[in-house]
There are 2 protein chains.
Amino acid sequence: MLNNQELTALLRQNGYKVTPQRLAVYEALANTKQHPSAEMLFGTLQPKYPSMSFATVYKTVEILNKLGLIQIINTGEDSFRYDADISEHSHVQCTVCGRVDDVPALNDRSLVVKVEEASGYSIDKHQFYFFGVCEKCRKKH
Amino acid sequence: MLNNQELTALLRQNGYKVTPQRLAVYEALANTKQHPSAEMLFGTLQPKYPSMSFATVYKTVEILNKLGLIQIINTGEDSFRYDADISEHSHVQCTVCGRVDDVPALNDRSLVVKVEEASGYSIDKHQFYFFGVCEKCRKKH
DNA sequence: CTCTCTGCAAAATTTTTGCACTGCT
DNA sequence: AGCAGTGCAAAAATTTTGCAGAGAG
């Protein structure tokens with residue numbers, strides 16, 4: 001998680017201008033654990049930045065992702081979600097309420113090696129998604 | 001992989017009618033290792049079934065998935081891919097050419113238990129995606 | 001013969017793009 | 001001042017839906 005100064009510096013270093021919108025998008029992502037989609041992000045930012053547009057949200061998350069500051073999550077819904085936590089970790093989605101939570105890194109170096117051997121690929125990245133029912137939804141039932 | 005008779009029986013058992021389109025969609029998926037998207041499926045079937053429509057492709061894969069006969073793959077492209085191989089296995093996508101290959105099951109029961117403990121979820125399902133460069137693309141470079 | 005399925009076209013949803021204006025640097 | 005960025009609206013891409021006619025049981 002970067003603060004405004006660090007983010008500002010990083011954007012400049014990479015030739016991107018520093019705008020209130022870009023800071024706001026990153027800040028919104030850094031301050032939630034909810035893994036918002038573009039729509040949720042837009043809804044959060046709209047009140048504070050009434051001129052904010054979807055185009056800006058999408059363009060900004062693309063830049064943030066390119067700079068390695070956020071990761072893009074794809075649980076199989078129609079839309080993507082974004083996460084400012086770029087430490088190695090996986091995600092779990094509740095099949096009842098749809099929420100997405102973090103799962104701490106699974107020490108899986110050996111898995112990757114197995115996959116490289118089995119597939120002939122050289123693996124750069126992986127994403128693990130788990131699906132089940134969260135505690136809250138289990139209790140409701 | 002089911003043959004036509006088995007598929008016919010299974011559809012009937014579940015109250016679905018058996019139509020040439022449904023058999024064709026399943027057959028197309030059963031006879032490829034390419035993990036086609038709806039568009040690729042449609043392109044494959046169109047020559048043989050000129051009246052085939054996207055609506056039918058989508059409705060059919062939904063039924064096949066509901067019956068547990070195919071799985072839906074989501075590597076983070078805009079569109080979904082489908083796989084008639086429902087044995088436990090993961091997928092790896094080449095970040096250069098985009099192809100998707102199978103990865104044999106990774107004995108990961110202990111991973112799932114770890115995730116359940118860490119998250120408080122009860123896990124029903126998981127999907128692992130690996131990304132890297134395939135052998136062909138590595139050689140080209 | 002009934003009722004589901006197909007296939008067309010239109011709608012819905014998410015994301016991308018073009019372009020005039022704004023505002024960083 | 002120059003040029004990248006914003007924001008609108010239109011376009012693109014994928015998937016869903018409504019409905020009339022076709023066809024499976």
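Only heavy atoms go into these numbers, but all of them, side chains included; no hydrogens, no water, no symmetry mates. It should be emphasised that the depicted structure is a prediction, and the values quoted were computed from it without experimental measurement.
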Check: [Y] and [X] side chains under 4.5 Å, non-hydrogen atoms:
X	Y	result
B/Leu41	B/Val61	yes
B/Thr56	B/Val25	no
A/Gln21	A/Val57	no
A/Val100	A/Asp83	no
B/Lys59	B/Ile63	no

Just how far, in rounded Å, is [atom2] of [N] from [atom1] of [X]?
X	N	atom1	atom2	value
A/Gln46	D/dT6	CD	C1'	14 Å
B/Lys59	C/dG7	NZ	C1'	8 Å
A/Lys66	D/dA4	NZ	C1'	14 Å
B/Glu77	D/dA13	CD	C1'	13 Å
B/Tyr26	C/dC5	OH	P	19 Å
B/Leu45	C/dG7	CG	P	11 Å
B/Tyr49	C/dC5	OH	C1'	15 Å
B/Met52	C/dT6	CE	C1'	9 Å

For a quick test of reading the model: is some side-chain N or O of [X] closer than 4.0 Å to OP1 or OP2 of [N]?
X	N	value
A/Tyr58	C/dT16	no
B/Arg22	D/dA24	no
B/Ser53	C/dC8	no
B/Thr19	D/dA24	no
A/Gln21	C/dG23	no

[X], nearest nucleotide to its side chain (from [options]):
X	options	value
B/Lys17	D/dG18, D/dC8, D/dG25	D/dG25
A/Glu39	C/dT14, D/dT14, D/dG7	C/dT14
B/Tyr16	D/dG25, C/dC5, D/dT14	C/dC5
B/Ser51	C/dG7, C/dT17, D/dG5	C/dG7
B/Phe80	D/dT15, C/dT25, D/dG5	D/dT15

A/Asp78 vs A/Thr60, nearer the 5' end of DNA chain D by closest nucleotide: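 Its nearest nucleotide lies further toward 5', so the answer is A/Thr60.
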Distance-only donor-acceptor hits, side chain of residues 129-139 of chain A, under 3.5 Å, sequence neighbours excluded:
unit_1: A/Tyr129; atom_1: OH; unit_2: A/Asn74; atom_2: N; d: 3.0
unit_1: A/Tyr129; atom_1: OH; unit_2: A/Gln127; atom_2: OE1; d: 3.2
unit_1: A/Arg138; atom_1: NH1; unit_2: A/Val133; atom_2: O; d: 3.1
unit_1: A/Arg138; atom_1: NH1; unit_2: B/Gly120; atom_2: O; d: 3.1
unit_1: A/Arg138; atom_1: NH2; unit_2: B/Gly120; atom_2: O; d: 3.1

In terms of the nearest nucleotide of DNA chain C, which residue is placed more toward the 5' end: B/Gly15 or B/Pro50? B/Gly15
Using a 4.0 Å heavy-atom cut-off across all strands, classify B/Phe54 as base, sugar-phosphate, or nothing. nothing
Parallel, tilted or perpendicular: ring planes of A/Phe128 versus B/Phe128, cut at 30 and 60 degrees: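 Judged by the thresholds at 30° and 60°, the geometry between A/Phe128 and B/Phe128 is parallel.
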Helix axis bend for the helix from C/dC1-D/dG25 to C/dT25-D/dA1 - C1'-based end axes, five pairs, 10° rounding: 40°
Please determine if B/Arg99 and B/Asp101 form a salt bridge, counting it only when a charged side-chain N lies under 4.0 Å from a carboxylate O. yes
